[in-house]
There are 2 protein chains.
Amino acid sequence: MTSSGTRPMTPAARRVLDVATELFYTRGINTVGMELVAERAGVTKKTIYDRFGSKQQLVVQYLRARDARWREHLDAYLGRADAPRARVAATFEALDDWMGAENPRGCAMVNAYAELSDPEHPGRAVAEDQKRGLRDLYADLAARAGADDPAALGDALAMLHEGAVVARNVTGVADAARTARAAADALMTVHGAA
Amino acid sequence: MTSSGTRPMTPAARRVLDVATELFYTRGINTVGMELVAERAGVTKKTIYDRFGSKQQLVVQYLRARDARWREHLDAYLGRADAPRARVAATFEALDDWMGAENPRGCAMVNAYAELSDPEHPGRAVAEDQKRGLRDLYADLAARAGADDPAALGDALAMLHEGAVVARNVTGVADAARTARAAADALMTVHGAA
DNA sequence: TTGTGAGTATACCGACCGGTATGTTTACCT
DNA sequence: AGGTAAACATACCGGTCGGTATACTCACAA
């Protein structure tokens with residue numbers, strides 16, 4: 001994944017992806033037509049299909065872009081913490097701020113998973129990878145913290161994380177991430193994490 | 001909401017709702033057209049629009065039916081447990097069996113919330129009510145268990161519940177509900193629940 | 001027996017969907 | 001100066017969408 005592997009986007013393609021990211025997230029993938037994307041990006045459909053090939057591939061790019069933004073956001077928070085337990089706390093803080101700033105419609109991956117019911121749609125794999133990555137992160141932190149049964153603890157932390165997103169999005173629980181963080185901390189204590 | 005308020009459905013309407021429930025859940029609401037619903041129910045579109053008025057209202061009925069099925073399932077499990085803590089465990093057991101039997105595509109409410117991006121769509125309120133009900137259930141059980149900060153504990157339990165659904169659906173964690181149940185039990189201990 | 005509600009069959013509406021075709025213009029690189 | 005990639009504009013394709021209109025059959029109940 002060096003820079004040579006990722007071809008630089010043309011200015012129009014960038015605009016298309018930015019617009020699609022916004023529209024797909026806020027209105028849903030199936031609700032947004034390519035014509036609207038083209039119009040909002042100040043581009044013709046021709047250009048989109050020349051650059052992205054199909055809506056399916058544009059959707060994949062959208063999901064990758066969302067994931068990359070979240071990873072970037074998260075890494076900034078992880079960079080400030082060192083001990084495993086502090087890093088778990090930092091992850092929930094990252095989630096809290098993320099939800100406040102960029103997540104008014106819940107998790108883009110979960111939403112896409114709901115919309116893309118076709119098992120063959122490549123967008124599903126992107127969502128699966130993202131969730132697998134989050135699960136691995138928590139499992140890794142649980143293990144590094146010296147917890148007993150780190151796999152189970154990691155899964156529980158990931159569930160609190162995911163559940164907080166739903167709670168905030170659907171139920172409107174404003175302090176969901178902070179509640180999840182406190183519960184996560186308690187669970188780490190129970191599991192004897194350092 | 002007495003029985004006089006719920007008009008009995010005509011046989012064709014029942015078939016339509018059953019078919020729509022299955023199709024909307026497994027393929028997604030926006031992906032399924034009314035023509036397909038009509039065909040699978042052995043009914044003309046005319047009949048559907050005579051009985052349900054619009055797709056929007058059929059969707060609302062679908063969500064209510066799913067919720068009713070889940071409530072029925074849950075009540076069967078709650079009926080067997082008495083103490084608050086045992087009832088929490090029973091709820092997670094209900095979830096475990098529910099996911100194994102009727103939930104291959106995750107939570108219908110969360111999925112619908114993702115698909116129905118229009119804030120005016122009445123289906124959103126059904127999903128919100130369902131999640132609010134679940135939150136209230138856990139908060140009530142936490143309070144009855146004599147936990148300190150029952151609101152926070154209840155929210156945490158609800159998040160584990162919701163997170164388990166996502167973990168199982170997207171990440172494929174088969175024992176998600178059991179892991180969530182164990183974490184929930186540990187949290188109850190931490191909060192001094194009886 | 002006569003009306004009424006339920007359902008059928010078929011045809012249609014305008015709007016939009018994802019995707020393609022043809023051809024033109026702009027701008028930068030060698 | 002010439003070539004090439006990028007973006008333009010426009011018009012079109014077959015198909016599906018939610019929803020409506022018309023006219024018919026059937027069963028049952030007053």
Side-chain angles (χ1 to χ4, degrees), chain A residues 4 6-63 112 114-118 120-124, chain B residues 4 6-63 112 114-118 120-124:
Chain A
S4 68
T6 309
R7 292 248 313 291
M9 275 187 184
T10 65
R14 255 257 73 89
R15 258 151 46 217
V16 167
L17 185 53
D18 287 346
V19 163
T21 297
E22 168 74 12
L23 285 175
F24 286 159
Y25 178 67
T26 59
R27 302 196 195 180
I29 294 167
N30 293 329
T31 319
V32 172
M34 296 295 270
E35 199 130 358
L36 178 61
V37 174
E39 180 199 312
R40 296 279 266 257
V43 148
T44 57
K45 280 206 287 177
K46 177 76 162 56
T47 301
I48 300 186
Y49 280 91
D50 283 348
R51 300 297 130 220
F52 294 92
S54 67
K55 183 179 186 178
Q56 201 177 79
Q57 290 172 63
L58 178 59
V59 168
V60 168
Q61 295 282 83
Y62 147 59
L63 291 172
E115 287 206 83
L116 310 177
S117 57
D118 176 8
E120 304 297 316
H121 197 295
R124 289 178 71 89
Chain B
S4 68
T6 309
R7 292 248 311 293
M9 273 187 186
T10 66
R14 255 260 70 88
R15 260 151 45 217
V16 167
L17 184 53
D18 288 346
V19 163
T21 297
E22 168 74 13
L23 285 175
F24 285 160
Y25 178 66
T26 59
R27 302 197 196 179
I29 294 167
N30 293 329
T31 319
V32 172
M34 296 296 270
E35 200 130 358
L36 178 61
V37 174
E39 180 199 312
R40 295 281 266 258
V43 147
T44 58
K45 280 205 289 178
K46 178 74 162 56
T47 300
I48 300 187
Y49 279 92
D50 283 349
R51 299 296 127 220
F52 295 92
S54 67
K55 182 177 187 180
Q56 201 177 77
Q57 290 173 60
L58 179 58
V59 168
V60 168
Q61 295 283 83
Y62 146 60
L63 292 172
E115 287 206 82
L116 309 178
S117 58
D118 176 7
E120 303 297 316
H121 197 296
R124 289 177 71 89

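Every chain is numbered from 1, with letters handed out A, B, ... down the list of sequences. Bear in mind that the values here come from a model prediction, so they are computed numbers and not experimental data.
Distances shorter than 4.0 Å separate none of the side-chain N or O atoms of Arg51(A) from OP1 or OP2 on dA5(D). Within the 4.0 Å cut-off from OP1 or OP2 of dA5(D), not a single side-chain nitrogen or oxygen of Thr10(A) is found. At the phosphate of dG18(C), neither OP1 nor OP2 sits under 4.0 Å from any side-chain N or O atom of Ser54(A).
For the pair Asp50(B) CG and dT22(D) C1', the computed distance is 13 Å after rounding to whole Å. Lys45(B) places its NZ atom 15 Å from the C1' atom of dT8(C), with the value rounded to the nearest Å. Taking atom CD on Gln57(B) and atom C1' on dG19(D), their separation rounds to 13 Å, with Å as the unit. The interatomic distance linking Met34(B) (CE) with dT20(D) (C1') rounds to 13 Å, in whole Å. What separates CD1 of Ile48(A) from P of dA6(D) is a distance of 15 Å, to the nearest Å. What separates CZ of Phe24(A) from P of dC17(C) is a distance of 11 Å, to the nearest Å. Rounded to whole angstrom, the span from the OH atom of Tyr49(A) across to the C1' atom of dC12(D) amounts to 14 Å.
In this structure the side chain of Val16(B) never reaches within 4.5 angstrom of the side chain of Arg51(B), judged on heavy atoms. The shortest distance between side-chain heavy atoms of Val37(B) and Lys55(B) does not fall below 4.5 Å.
A donor-acceptor distance shorter than 3.5 angstrom exists from the side chain of Glu115(A) to the backbone of Asn30(A), with no hydrogens or angles considered.
Toward the 5′ end of DNA chain D lies the nearest nucleotide of Thr44(A), the other residue of the pair Thr44(A) and Glu35(B) mapping further downstream. Place Lys46(A) and Asn30(A) on DNA chain C by their nearest nucleotides, and Asn30(A) ends up nearer the 5' end.
Among the atoms of the strands shown, none is found under 4.0 Å from any heavy atom of Val37(B).
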